[in-house]
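Lettering follows sequence order; numbering is per chain, from 1.
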Number of protein chains: 2
Amino acid sequence: MSVAQKSSAADRAHAHIRAAIMRGELTPGRMLSENELAATLSMSRTPVRAALTRLQDEGWVTIYAQRGALVRELTADEVRESAETRQALESAGIRLAGPAQREGLAARLADNLDQQEQALLGGDVPGFAVLAMRFHRAFVELSANSMMLSIYDRLQDRQYLSILRSADRISSDPRQTIAEHRILLGHAQRGDWTAFATALDEHQARNHGHGATW
Amino acid sequence: MSVAQKSSAADRAHAHIRAAIMRGELTPGRMLSENELAATLSMSRTPVRAALTRLQDEGWVTIYAQRGALVRELTADEVRESAETRQALESAGIRLAGPAQREGLAARLADNLDQQEQALLGGDVPGFAVLAMRFHRAFVELSANSMMLSIYDRLQDRQYLSILRSADRISSDPRQTIAEHRILLGHAQRGDWTAFATALDEHQARNHGHGATW
DNA sequence: GACATCCAACTGGGATACAAGTAGGGTACG
DNA sequence: CGTACCCTACTTGTATCCCAGTTGGATGTC
């Protein structure tokens, strides 16, 4: 499959705008014009429009009738609600996990944790954030439930920026975070899934409020 | 606010098609044409297209390029995954509930249960199904988390038909369902939320597999 | 009859044209 | 100077047009 997947103009527009927001080029409060976007992307308004409505469904922008699309700010409430929802799915993932799913978990978590430590030693905060996000995503993967996973991804995706920002705030004591992660890993290695679930709840409760989940 | 909310043609198209699917007029496997829909709705293809893409995002149809939009069938896997996800959110709702949210719960559940029994006595199975859905939705409402609630609504909404269908299958022993619901109510009335959460888990586990959650 | 081929009638994707609504600045008037 | 008004320059919403891809039946061939 070396041939590039032919994508529609609408998909390209969606990816472009979304990436620009994630990179921080398009900041909240910025007003987007269909004409302007169409011009920079060398396409007509039609696919741009489709992309914007999709971005609205995904929570990135708000479209005001006859006025334009506004890049949305994540409110504090939204961050909190999103974190709560993600935690709910993580807990469910643990509960739904069967032996087959649990099989390779400990090894993967251990590997991820090593990388987390290396990232911190190298001062790579964004790298650490991504790894921590993957660490938690692994719990939802346990569910073997693609619907849950897609919902989770959407939430985590949308929070990417604020998670990255909160990384700075938290980096004062990242060792504490990793220590808690290591406790989870220990339970997983021993196969004590009840203790694992309990520890995850506590871990989440401790992080409750700052928006990031790790 | 007696004036009817002015809605866009795209919104009308979306509501129309979605309602037709929910009513069972448009059955899975049916191929929808933009031209045909535009004609029956007396509008151009443009708003119809917007509606169809949105319906695709919501899981109602699948759009095949240059061929048309297919009304989707709910696969068994999808029903199972959806049920698991809904249960995850219900459990989270209970856990997140504060005293303020728990306040009126018992009364509301009791009222709902009375209506459930009346519906069954009257042989109103669809009515019973709707009431049972509301019963479970109440748990998610406890979370005071609008994001969770909207995700839950979308899942429940999409499963509406299969839930209604499974109502027939289950109606053989609806008293058992109501009895379990009454146990939950009892815990809520006593304020024993730990027992409530446990009973909910068991209740869900018992229903696991038939797609409906009640 | 079986099969390859072709072609016409569809499909949706995108570009463009037009309609309708909004916001804000300039202007006339008090 | 303040205020109401209006007009212009935007915006999105919808309609229409064109294009490329798909499909399935008619047709020709063996």
Side-chain angles (χ1 to χ4, degrees), chain A residues 1-21 25-73, chain B residues 1-21 25-73:
Chain A
M1 247 252 263
S2 62
V3 179
Q5 178 70 262
K6 192 170 72 173
S7 61
S8 69
D11 287 340
R12 278 184 288 128
H14 175 268
H16 176 91
I17 301 170
R18 180 175 161 285
I21 297 178
E25 291 174 21
L26 297 179
T27 58
R30 167 73 182 272
M31 215 66 181
L32 302 179
S33 155
E34 291 181 4
N35 282 316
E36 184 185 331
L37 290 168
T40 64
L41 289 169
S42 304
M43 59 178 70
S44 84
R45 277 180 50 211
T46 308
V48 172
R49 212 180 140 65
L52 284 177
T53 56
R54 196 172 144 202
L55 286 167
Q56 175 174 242
D57 286 340
E58 294 171 353
W60 294 96
V61 303
T62 303
I63 297 176
Y64 293 96
Q66 324 290 3
R67 302 217 280 124
L70 180 76
V71 179
R72 282 194 55 196
E73 180 81 74
Chain B
M1 250 253 262
S2 62
V3 180
Q5 176 71 262
K6 190 170 74 174
S7 59
S8 69
D11 287 340
R12 277 184 287 129
H14 176 268
H16 177 91
I17 301 171
R18 180 175 161 286
I21 296 178
E25 292 174 19
L26 297 179
T27 58
R30 168 72 182 274
M31 215 65 181
L32 303 179
S33 155
E34 291 181 4
N35 281 316
E36 183 186 330
L37 289 168
T40 64
L41 290 169
S42 303
M43 58 177 71
S44 83
R45 278 179 49 210
T46 308
V48 172
R49 262 189 78 182
L52 284 177
T53 56
R54 197 173 143 199
L55 287 167
Q56 176 173 243
D57 286 340
E58 293 171 354
W60 294 98
V61 303
T62 303
I63 298 176
Y64 293 95
Q66 326 295 1
R67 301 216 277 127
L70 179 76
V71 178
R72 283 194 56 198
E73 180 81 75

K.L.:
Return the minimal non-hydrogen interatomic distance between A:A13 and A:P47, and the atom names on each side.
P.N.:
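Smallest heavy-atom distance, with atoms named: CB-O, 4.3 Å.
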K.L.:
Atom CG of B:L52 to atom P of C:dG12: distance rounded to whole Å?
P.N.:
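Interatomic distance, CG of B:L52 to P of C:dG12: 8 Å.
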K.L.:
For nucleotides 22-24 of chain D, tabulate all protein N/O to nucleotide N/O atom pairs closer than 3.5 Å, reporting atom names and distance.
P.N.:
{"from": "D:dT23", "atom 1": "OP1", "to": "B:R67", "atom 2": "NE", "distance (Å)": "3.3"}

K.L.:
In whole Å, I'd like the distance from the OH atom of B:Y64 to the P atom of C:dG13.
P.N.:
13 Å
K.L.:
Starting from P on C:dC18, measure out to CZ on A:R45 and report it in whole angstrom.
P.N.:
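Spelled out: CZ on A:R45 to P on C:dC18 is 14 Å.
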K.L.:
Nearest to the side chain of A:S8, which nucleotide is it out of D:dT16, D:dG13, C:dG13?
P.N.:
C:dG13
K.L.:
Taking CE from A:M31 and C1' from D:dC10, how many angstroms apart are they, rounded to a whole number?
P.N.:
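Value for this atom pair: 12 Å.
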K.L.:
What I'd like to find out is whether the side chain of A:L26 reaches to under 4.5 Å of the side chain of A:M31, using heavy atoms alone.
P.N.:
no
K.L.:
Base, sugar-phosphate, or nothing: which does A:A50 touch, judged by heavy atoms less than 4.0 Å apart?
P.N.:
nothing
K.L.:
Just the rounded figure in Å: distance from C1' of C:dA15 to CG of A:L41.
P.N.:
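Nearest whole value for this atom pair: 15 Å.
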K.L.:
Using the closest heavy atom to pick a nucleotide of DNA chain C for each, name whichever of B:E36 or B:R49 lands nearer the 5' end.
P.N.:
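On the 5' side of the pair lies B:E36.
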K.L.:
Please report the shortest heavy-atom distance between B:I63 and B:Q56, naming the atom on each side.
P.N.:
N-OE1, 2.8 Å
K.L.:
Here's a test of your reading of the structure: between B:N35 and A:P47, which maps to the more 5' nucleotide of DNA chain C?
P.N.:
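Checking each residue's closest nucleotide, the 5'-ward one belongs to B:N35.
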K.L.:
Between the side chains of B:R30 and B:E36, is the shortest nitrogen-to-carboxylate-oxygen separation below 4.0 Å, so that they form an ion pair?
P.N.:
yes
K.L.:
Determine the contact category for A:T46: base if any of its heavy atoms lies under 4.0 Å from a base atom, sugar-phosphate if only primed atoms, P, OP1 or OP2 are that close, otherwise nothing.
P.N.:
base
K.L.:
Side chain of A:S44 only, heavy atoms from C-beta on: which candidate in C:dA15, C:dG13, C:dT11 is closest?
P.N.:
C:dA15
K.L.:
Evaluate the side-chain proximity of B:W60 to B:R72: yes if any heavy-atom separation is below 4.5 Å, no if none is.
P.N.:
no
K.L.:
Might you point out which heavy atoms bring B:I17 and B:L32 nearest each other, and give the distance in Å?
P.N.:
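So the two residues come closest at CG2-CD1, 4.1 Å.
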K.L.:
Rounded to the Å, how far apart are A:L37 CG and C:dA15 P?
P.N.:
14 Å
K.L.:
Distance check needed: C:dC18 P versus B:M43 CE, whole Å only.
P.N.:
22 Å
K.L.:
Over all heavy atoms of both residues, which pair between B:S7 and B:D11 is shortest? Give the atoms and the distance, please.
P.N.:
CB-CB, 4.3 Å
